[in-house]
Amino acid sequence: MLNLPTSDMIESCSIAGPGFINVKLSTQWIAKRIQNMLTDGIDTWAPRLSVKRAIVDFSSPNIAKEMHVGHLRSTIIGDTIARMLEYSKVDVLRRNHVGDWGTQVTDQDIGELELFYKVSKQRFDGDDEFKKRAQKASFYNPYIPLDLKELNDKGLIKDDEGPKVIKIIEGKKALPLVATEKDGHYSYASIDLAALWSRLPEEEVKWIIFVTLQGESLNNTYIPFALEELDDKGLIEDDKDTKVIKIIEGNKVPPLLVTKTDGGDNYASTELAALWYRLNEEKAEWIIYVTDVGQREHFKKIFAAAKSAGWLPADESKYPKTSHVGFGLVLGDNGKRFRTRSMKW
Ligand SMILES: NC(=[NH2+])NCCC[C@H](N)C(=O)O
C-alpha cells in the first residue's frame, strides 16, 4: 500500500479482506471534474489519447464450430472498449477475426458444403416455389421495394439496360451502386440499404455500427511476407518437422510454432500475418485483442515475437502497441473449459 504512487484522483486505499482493495476516489477531484464538464461540455471530459487509430479484435467465433457464451463476453467487452476509444476521438476499426481457416474448416469438408450450395442453387433456378421461399428468407427483403421506390422517387435510380443502379453523387467520388442485378435479383447492396432504411424509421435507432468480419483467412496472403521478415531477422529456426520462433526475452517465453508438421500454416502464423497487416496496411497504433485468459500465452508469444522482429517497440509505453484483454474462462457443464479449437464433432 505504501508503495502506491500518489494521485489527485485517489483519496485513499485500504485492504478489505483477502484479495480486495478499496480505492476511494477523491471527492474534490470528482467535484472539479464535474465542474469542468459543466463549464466546458461533456466532450472535454474524454481523455485525449496520443493514438489516432486503434483496432479492437473482438467477438471472433469460429464458423465451423459452436459459438458459445465466451464469444458473447468478448463481443460485449470489445464493443465497450471500442466505444470508450471512440469517445476519446480515436478512429476505431472493429475487427471480428472469425475463425474461417485451418483444420476446423477443412474438417467440415468444404467439398460437401460446395455440393450443398450447388444443389440448392439448381433447385432455386428450377423450382419456383422454392425460389419464392428462399427470396423471402431474408428478414429485410420485404423492405427492399419500399426503399428502392423512395430512392427512385428522389431520382436516384437509373435504369440502365441491364441492372438498376443508384447513382451516388458526392462530388462523383463514389461508384454507382447496383440495386438489382441483370436477372432482376436484388443485390447485396439493396439488402444492406433496406436494412438501413427499415431500421431508421421503424426501430428509431440513432446509431448503427457495422462490424467488418476480417477472418483469419484474409491474412493468408500476408503469411509469406510476415514469415519472411521474421526469417530475414534470423528469428525462425527449423525444429524437427516444424518451424519455430525462439523468442528470447530471458527465455521466459516458450518457442512459438509457426508451421505444422505437415508444413501447413497454423493459428500463430495467421496471427502474425494479421498483426503485420494491421501495422503496415491498416496503420493501427494500438491493437487490442479480447479473448478469454486461456489465450494469454498465445498472445504473449505473438507480442514477444513482434518485439524481437522490431515491429513493436520494446518499451510498452510507446506506440504502436498491442494489448490482450483477457476475461475469465467459460466452463462447460463438465466443469472444463470450452475449447472451440479442440472441440470434437
Ligand atoms: N486475433 C485473434 N486471435 N482473435 C481471437 C480469435 C478467437 C478464436 N476464433 C476463438 O474462438 O478462440
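This structure is a prediction, so every number in the text was calculated from the model and none was measured. Every number for a ligand or one of its atoms is a count from 1 in the order of the listing.
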Does a donor on one side chain sit under 3.5 Å from an acceptor on the other, for [X] and [Y]?
X    : Y    : value
S217 : N220 : no
W276 : E281 : no
T291 : H324 : yes
Q295 : Y267 : yes

Next on the checklist: For F299, which part has a heavy atom under 4.0 Å from ligand 1: side chain, backbone, both, or neither?
Outcome noted: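 Answer for F299: side chain.
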
Going by the order shown, which atoms of ligand 1 are within less than 4.0 Å of some heavy atom of [X]?
X    : answer
D57  : 1 (N), 2 (C), 4 (N), 5 (C)
Y267 : 2 (C), 3 (N), 5 (C), 6 (C), 7 (C), 8 (C)
T291 : 5 (C)
E271 : 1 (N), 2 (C), 3 (N)
Y289 : 1 (N)

Next on the checklist: Check whether F130 forms a cation-pi arrangement with R123 (NZ or CZ under 6.0 Å from the six-membered ring centre, at most 45° off the ring normal).
Outcome noted: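 Yes, a cation-pi geometry.
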
Checklist entry - Judged by non-hydrogen atoms, does Q295 sit under 4.0 Å from ligand 1? => result yes

Next on the checklist: Tell me every residue that passes side-chain hydrogen bond (donor to acceptor under 3.5 Å, both in side chains) with D315, counting only those two or more places apart in sequence or in another chain.
Outcome noted: S317, K318

Checklist entry - Looking at ligand 1, does any of its N/O atoms fall within less than 3.5 Å of an N/O of S60? => result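 Yes - when backbone and side-chain N and O of S60 are compared with those of ligand 1, one distance drops under 3.5 Å.
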
